[in-house]
2 protein chains.
Amino acid sequence: MSEKQQAGLRARTRRAVRREIAQAAEALFVERGFEATTIDDIAAAVGMSQRSVHRYFASKEEIVLGKFDLVVDDMLAALRDRPAAEPIWTSLHRTFDVMVALAEAPGHAELVEPIHRIVFRTPALLAAYLQRLQRMQDAVVSELRARAEAAGTPYADDDPTPRAVTAAAFGCLIAAQHSWLASTPKGSLASALGRAMATVGPREPEAHHS
Amino acid sequence: MSEKQQAGLRARTRRAVRREIAQAAEALFVERGFEATTIDDIAAAVGMSQRSVHRYFASKEEIVLGKFDLVVDDMLAALRDRPAAEPIWTSLHRTFDVMVALAEAPGHAELVEPIHRIVFRTPALLAAYLQRLQRMQDAVVSELRARAEAAGTPYADDDPTPRAVTAAAFGCLIAAQHSWLASTPKGSLASALGRAMATVGPREPEAHHS
DNA sequence: CCATATCTGTCAGACACTGACAAGCATGGC
DNA sequence: GCCATGCTTGTCAGTGTCTGACAGATATGG
């Protein structure tokens with residue numbers, strides 16, 4: 001009843017309206033910038049009232065970053081499906097692959113780059129994006145703790161290891177996005193991620209879950 | 001003329017008023033929370049108008065995170081003073097030590113923990129903090145590029161290495177802050193940082209500036 | 001003592017966001 | 001076909017952050 005991805009008619013039309021709003025909004029954002037576009041402009045573009053737009057998106061940033069929230073669930077599911085014996089760094093790399101694949105999926109890959117650029121250029125959007133990444137890291141850390149617990153080598157409650165490794169991996173993701181935006185000619189985001197994640201990695205001082 | 005840390009009378013009184021506002025605001029934030037405290041409340045607490053408070057702080061978040069901006073300059077200076085032959089990871093560790101030392105300095109160390117907790121608990125504040133860390137990373141990456149340039153082994157423009165290493169280090173900083181807040185009994189932030197930065201690190205596939 | 005610069009309060013406004021209410025429109029039982 | 005129910009929508013009103021403009025108070029420097 002809450003906010004599931006039901007196949008009901010209501011939920012379907014709701015998602016359609018969401019897409020319509022996001023589509024019109026992104027066009028305006030690309031055209032005249034994020035901050036220079038008001039909610040009223042977006043509402044007028046789709047023929048709705050300002051209030052209704054806010055019924056579909058809790059905040060202005062969510063219009064741009066809303067898609068990311070949907071990917072997060074897929075990424076966490078991908079992480080859970082990774083074999084327990086796999087090195088953590090590899091599992092995190094494969095988790096990011098889910099996001100990269102959707103970003104480079106054919107059809108709407110043209111909008112990905114300008115939107116990406118806007119997110120990293122607009123302070124408010126970058127802050128919101130980093131906040132979402134941070135929130136996702138909490139979920140990843142929980143998963144890593146559960147995995148270590150299942151392996152018989154749980155982390156101590158105040159052990160910074162799982163969060164440090166996770167934060168380092170997410171740092172590589174952001175570095176890859178930066179590098180991808182700066183690359184000329186434009187390479188693939190997947191290769192940028194691979195290169196970034198090859199430059200750093202976890203250190204295993206003693207035996208700790210192979 | 002712009003915004004330097006002059007020793008003039010004007011700049012001195014201005015910083016005094018800033019401190020007074022921040023002090024009163026932090027008391028209110030700790031007492032009733034960040035979001036539940038309005039600018040009008042803060043203005044009333046220091047006997048000023050709402051408009052004048054905004055003349056000293058561009059945003060509500062800056063009242064809390066303004067001190068961080070001052071530390072950033074010291075940290076960047078510390079990074080520049082590190083010997084060029086020192087491993088990057090160690091240089092970054094020493095850079096963070098500057099911030100840790102100020103956080104654990106005697107006198108105002110009691111306020112550090114509750115403020116820390118508020119920052120990590122309040123979404124808007126966490127987002128603003130992460131944004132500032134990201135902006136600082138840009139400066140650190142520039143410094144690392146300049147250092148590699150001076151060493152005769154410059155990075156390519158789209159090489160994600162310097163940013164990935166930097167992002168990983170900052171991830172360790174955040175992980176250390178988390179671990180420090182979660183630790184009972186409360187350990188030192190410096191030791192938490194040391195443990196976090198020991199868990200991950202750069203990989204040197206080939207010879208690249210010792 | 002005066003010209004200049006700075007600080008201040010007040011007013012007004014843009015903008016994001018929220019709650020409340022009533023009207024429109026659908027679905028589903030009768 | 002008809003009506004009750006529930007969801008969506010627009011309108012209105014309000015809060016809170018943040019900004020610009022103006023005028024008065026205060027301080028600085030010649």
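Naming convention: chains lettered A, B, ... in sequence-line order (proteins, then strands); numbering from 1 in each chain.
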What does the 5'-to-3' dot-bracket notation of DNA chain C look like when only Watson-Crick and G-U wobble pairs under 3.5 Å count, and pairs to other strands show as |?
||||||||||||||||||||||||||||||
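- No side-chain N or O of T95(B) forms a donor-acceptor pair with one of R82(B) less than 3.5 Å apart.
- A straight line from CG of D40(A) to C1' of dA16(C) spans 10 Å, rounded to a whole angstrom.
- Among dG20(D), dA16(C), dG10(D), the nucleotide with an atom closest to any side-chain atom of R51(B) is dG20(D).
- Of all heavy-atom pairs between D158(B) and S179(A), the closest is O-OG, 2.8 Å.
- Of the residues in residues 121-132 of chain B, none has a non-hydrogen atom less than 4.0 angstrom from any atom of DNA chain D.
- Between Y56(A) and I39(B), the residue whose closest nucleotide on DNA chain D is further toward the 5' end is Y56(A).
- Using a 3.5 Å distance cut-off with no hydrogens or angles, the side chains of E86(B) and S91(B) do pair a donor with an acceptor.
- Salt-bridge check for E62(B) with R18(B): passed, with a basic side-chain N closer than 4.0 Å to an acidic carboxylate O.
- Looking at D159(B) and R195(A), no side-chain N of the basic residue comes within less than 4.0 Å of a carboxylate O on the acidic one, giving no salt bridge.
- Side-chain N/O atoms of S52(B) include one lying less than 4.0 angstrom from OP1 or OP2 on dG9(C).
- Atom CZ of R32(A) sits in a crowded spot, with more than 12 heavy atoms from other residues, nucleotides or ligands closer than 6.0 Å.
- Nearest nucleotide to the side chain of S59(B), out of dC17(C), dC18(D), dT10(C): dC18(D).
- What separates NE2 of H54(B) from C1' of dA21(D) is a distance of 17 Å, to the nearest Å.
- The 12-atom threshold is not exceeded at CD of Q23(A), counting heavy atoms of other residues, nucleotides or ligands nearer than 6.0 Å.
- Under a cut-off of 6.0 angstrom, the local environment of CZ in R117(A) is crowded, with over 12 non-hydrogen atoms contributed by other residues, nucleotides or ligands.
- Here dC7(C) presents its C1' atom at 17 Å from CZ of R15(B), a figure rounded to the nearest Å.
- K67(A) contributes no side-chain N or O that, together with a main-chain N or O of A22(A), makes up a donor-acceptor pair within less than 3.5 Å.
- Looking at residues 19-38 of chain B, you'll see T37(B), T38(B) sit with a heavy atom under 4.0 Å from some atom of DNA chain D.
- Within a 6.0 Å radius of CG in D81(B), more than 12 heavy atoms belonging to other residues, nucleotides or ligands are found.
- Following rounding to the nearest Å, Q50(B) (CD) and dT19(D) (C1') show an atom-to-atom distance of 11 Å.
- Salt-bridge check for D138(A) with R135(A): failed, with every basic side-chain N at 4.0 Å or more from each acidic carboxylate O.
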